[in-house]
Each structure stands twice: as structure tokens, then as C-alpha cells.
Amino acid sequence: MIALVVAMAEGNVIGARNDLPWYLPADLKHFKEITSGHTVIMGRTTFESIIARLHRPLPNRRSVVITRKVEYDYKGVEIMHDVADIAVLAEEVYVIGGAQIYAATINQADKLYVTEVHAAIPGDTYFPTIDPKKWQEVSRESHAADEKNQYDYDFVMYERK
Ligand SMILES: NC(=O)c1ccc[n+]([C@@H]2O[C@H](COP(=O)([O-])OP(=O)(O)OC[C@H]3O[C@@H](n4cnc5c(N)ncnc54)[C@H](OP(=O)(O)O)[C@@H]3O)[C@@H](O)[C@H]2O)c1
């Protein structure tokens, strides 16, 4: 099972200047609940943005970093050069971005965990269009902004039709 896990604002914006363009702690908690204990796959750029924030790979997860750089290495993570191979990594793999890696894996994916951030936020990286002919929304949980989370947001799950 391959699942993509993403948070996106209006217009499918997912990032700006190699970072998340919002701070929504409820989504970070949701992301942790979905991915903890599992194998997470990410592009080299997203990996480096995580290192810039946390100074270490995501805890309690097996991290696999996709790069074309032959010599790339980082303590505590596995390196892969071909996204086509992710299905064999584990029974459940969670693709956590960024834009290039979502685009390269969405056609192999079985599930999408999407946090819709209900705001128009400028960005420079985007999630692919979720084609309603291919994807069925199977659950939706709506939340209003509060003192900690600046925007309204929905946790949505899609399964491949
Ligand atoms: N909102 C969200 O849920 C979310 C989640 C994750 C990331 N983001 C955001 O997305 C942005 C980063 O996305 P991005 O698209 O710029 O970068 P990315 O997808 O994280 O990483 C791109 C890198 O992955 C490697 N790569 C891509 N396709 C490959 C392939 N087919 N085979 C082998 N390696 C491949 C290349 O690494 P090399 O250059 O090393 O070869 C490429 O430079 C950031 O702003 C980040 O904050 C948002």
C-alpha cells in the first residue's frame, strides 16, 4: 500500500522557498499519527528542509530519501535513486513530498491523506490535481481555526477508484 500524505492550501499550494508556508500544529500532530512507526519516502529537498527544522530525520520512522546524487549519504536514513522501487520497501509506505516526489508517485498510490488548508497562501510548489475520475473521497473531518491553528482545515482521505 502506497499512501501520499500532504497538506495543501487553495490552488494545491504545498510549499514556499523550501518550507511549509503555514504553521498548523494540528496538522503536524495528524501527520505524526499517520506516519509514526512506518516507512516514509521523501525527496532530497524535503529531507533537507526537515533537517533544517529538526536537525535530525523524523523520529520513530524509517526515512527513505530519493535523490539522483550517487554519493548522497546521511546518518540514519536510507537513500534510493528510483521512485519506481518504493513499493517493495515495506507493506505500507507513506510518501511525504515534496512536489516532485508526489508527481512521480501519485500514479502508483492507493490512498491520499490530504489536509485541506482553507486559505489562499502564496507558494512555489504544488500538489498534482486530484482527478475525481480516479479518486474517491472516503472520509472528511472539518475543523475550525482556533487560537493555535490560524486557518480552517479538513482532514480528507481518498482511495483509488
Ligand atoms: N505541504 C506538504 O505537505 C509538503 C510536504 C513535503 C514537502 N513540502 C514542500 O515541498 C517543497 C519541496 O518540494 P520539491 O518538489 O521542491 O522537492 P522534493 O520533491 O522534496 O525533492 C526534489 C528532489 O528529489 C530528487 N528527485 C526528484 N525526482 C526524482 C526521481 N525521479 N529520481 C530520483 N530522484 C528524484 C531530486 O534530488 P537531487 O537534486 O538530490 O537529485 C530532486 O531535486 C518544499 O517547499 C517543502 O516544504 C510540502
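Whatever order the structure lists ligands and atoms in, that order sets their numbers, starting from 1.
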*Asks:* Find the distance between CE (Met1) and CD (Glu91) and round it off to the nearest 0.5 Å.
*Replies:* 9.5 Å

*Asks:* Check ligand 1 against Gly43 and write out every atom of the ligand that is under 4.0 Å from a heavy-atom position of the residue.
*Replies:* 18 (P), 20 (O), 21 (O), 24 (O)

*Asks:* Would you mind running through ligand 1 and noting each atom that sits below 4.0 Å from a heavy atom of Leu20?
*Replies:* 1 (N), 2 (C), 4 (C), 47 (O), 48 (C)

*Asks:* Among all protein heavy atoms, pick the one closest to atom 38 (P) of ligand 1 and tell me residue, atom and distance.
*Replies:* Thr67 OG1, 3.4 Å

*Asks:* Could you list the atoms of ligand 1 found under 4.0 angstrom from a heavy atom of Lys69?
*Replies:* 40 (O), 41 (O)

*Asks:* Take every heavy atom of Tyr102, measure it against each atom of ligand 1, and state whether any distance is under 4.0 Å.
*Replies:* yes

*Asks:* If we only count N/O pairs under 3.5 Å, is Arg17 in contact with ligand 1?
*Replies:* no

*Asks:* If we set the cut-off at 4.0 Å for heavy atoms, which region of Thr125 has an atom near ligand 1: side chain, backbone, both, or neither?
*Replies:* side chain

*Asks:* When you measure from atom 47 (O) of ligand 1 to every protein heavy atom, which one gives the shortest distance, and what is it?
*Replies:* Asp19 C, 3.1 Å

*Asks:* Using a strict cut-off of 4.0 Å, indicate which atoms of ligand 1 neighbour a heavy atom of Gly97.
*Replies:* 6 (C), 20 (O)

*Asks:* Should Ala104 be counted as touching ligand 1, given the test is an N or O pair under 3.5 Å?
*Replies:* no

*Asks:* Could you tell me whether the side chain of Asp131 and the main chain of Lys133 form a donor-acceptor pair under 3.5 Å?
*Replies:* yes

*Asks:* Please check whether Thr46 reaches ligand 1 - meaning an N/O of the residue sits under 3.5 Å from an N/O of the ligand, judged on distance alone.
*Replies:* yes

*Asks:* Do any nitrogen or oxygen atoms of Trp22 lie less than 3.5 angstrom from nitrogen or oxygen atoms of ligand 1?
*Replies:* no

*Asks:* For atom 17 (O) of ligand 1, grab the closest protein heavy atom and report residue, atom and distance to one decimal in Å.
*Replies:* Thr45 CB, 3.3 Å

*Asks:* So if you build clusters from Ile, Leu, Val, Met, Phe, Trp, Tyr with side-chain heavy-atom gaps below 4.5 Å, do Tyr113 and Tyr126 land together?
*Replies:* no

*Asks:* If you take all heavy atoms of Ala119 and Tyr151, which pair is closest and at what distance?
*Replies:* CB-CD2, 3.4 Å

*Asks:* What closest approach, in Å, do Ile51 and Pro57 show between heavy atoms, and which atom pair accounts for it?
*Replies:* CD1-N, 3.6 Å

*Asks:* Angle class for the His143/Tyr153 ring planes (parallel below 30°, perpendicular above 60°, tilted otherwise)?
*Replies:* parallel

*Asks:* Check whether Asn12 reaches the backbone of Pro128 with its side chain - one donor and one acceptor, N or O, closer than 3.5 Å.
*Replies:* yes

*Asks:* When you measure from atom 3 (O) of ligand 1 to every protein heavy atom, which one gives the shortest distance, and what is it?
*Replies:* Ala7 N, 2.9 Å

*Asks:* Is the shortest side-chain heavy-atom distance between Thr45 and Gln100 below 4.5 Å?
*Replies:* no

*Asks:* Could you tell me which atoms of ligand 1, counted from 1 in the order shown, lie closer than 4.0 angstrom to a heavy atom of Arg44?
*Replies:* 21 (O), 23 (C), 24 (O), 37 (O), 38 (P), 39 (O), 40 (O), 43 (O)

*Asks:* Tell me if the CD atom of Gln150 is crowded by more than 12 foreign heavy atoms within 6.0 Å.
*Replies:* no

*Asks:* Are the side chain of Thr46 and the backbone N or O of Gly98 linked by a donor-acceptor pair below 3.5 Å?
*Replies:* yes

*Asks:* Just which atoms of ligand 1 are under 4.0 Å from any heavy atom in Gly98?
*Replies:* 6 (C), 7 (C), 10 (O), 13 (O), 15 (O), 18 (P), 19 (O), 20 (O)

*Asks:* Purely on distance, is any nitrogen or oxygen of Ile96 under 3.5 Å from one on ligand 1?
*Replies:* no

*Asks:* Pick, from Ile66, Thr105, Ile14, the option with the minimum heavy-atom distance to atom 8 (N) of ligand 1.
*Replies:* Ile14

*Asks:* Would a 4.5 Å heavy-atom cut-off, applied to side chains only, mark Lys69 and Glu71 as touching?
*Replies:* no

*Asks:* Does Gly15 reach ligand 1 with a nitrogen or oxygen that is under 3.5 Å from one of the ligand's nitrogen or oxygen atoms?
*Replies:* no

*Asks:* Got the closest protein heavy atom to atom 14 (P) of ligand 1, with its distance?
*Replies:* Ala99 N, 3.8 Å

*Asks:* If hydrogens are left out, which of Gln100, Arg68, Arg53 has an atom nearest to atom 29 (C) of ligand 1, that is, the closest non-hydrogen atom?
*Replies:* Arg68

*Asks:* Can you check whether Val77 reaches Met42 side chain to side chain, under 4.5 Å on heavy atoms?
*Replies:* no

*Asks:* Does Tyr94 offer a backbone N or O that forms a donor-acceptor pair with the side chain of Lys111 under 3.5 Å?
*Replies:* no

*Asks:* To the nearest 0.5 Å, what is the distance between CG (Asp110) and CZ (Arg160)?
*Replies:* 7.0 Å

*Asks:* Would Ala16 count as a contact of ligand 1 if the rule is a heavy atom under 4.0 Å away?
*Replies:* yes

*Asks:* Taking only heavy atoms of Val6, which atoms of ligand 1 are found under 4.0 Å from at least one of them?
*Replies:* 3 (O)

*Asks:* Determine whether the aromatic ring centres of Tyr72 and Tyr74 lie less than 6.0 Å apart.
*Replies:* no

*Asks:* Look at ligand 1 and say whether His81 reaches it with a heavy atom at a distance under 4.0 Å.
*Replies:* yes

*Asks:* Is there at least one pair of N or O atoms, one from Ser49 and one from ligand 1, spaced under 3.5 Å apart?
*Replies:* no

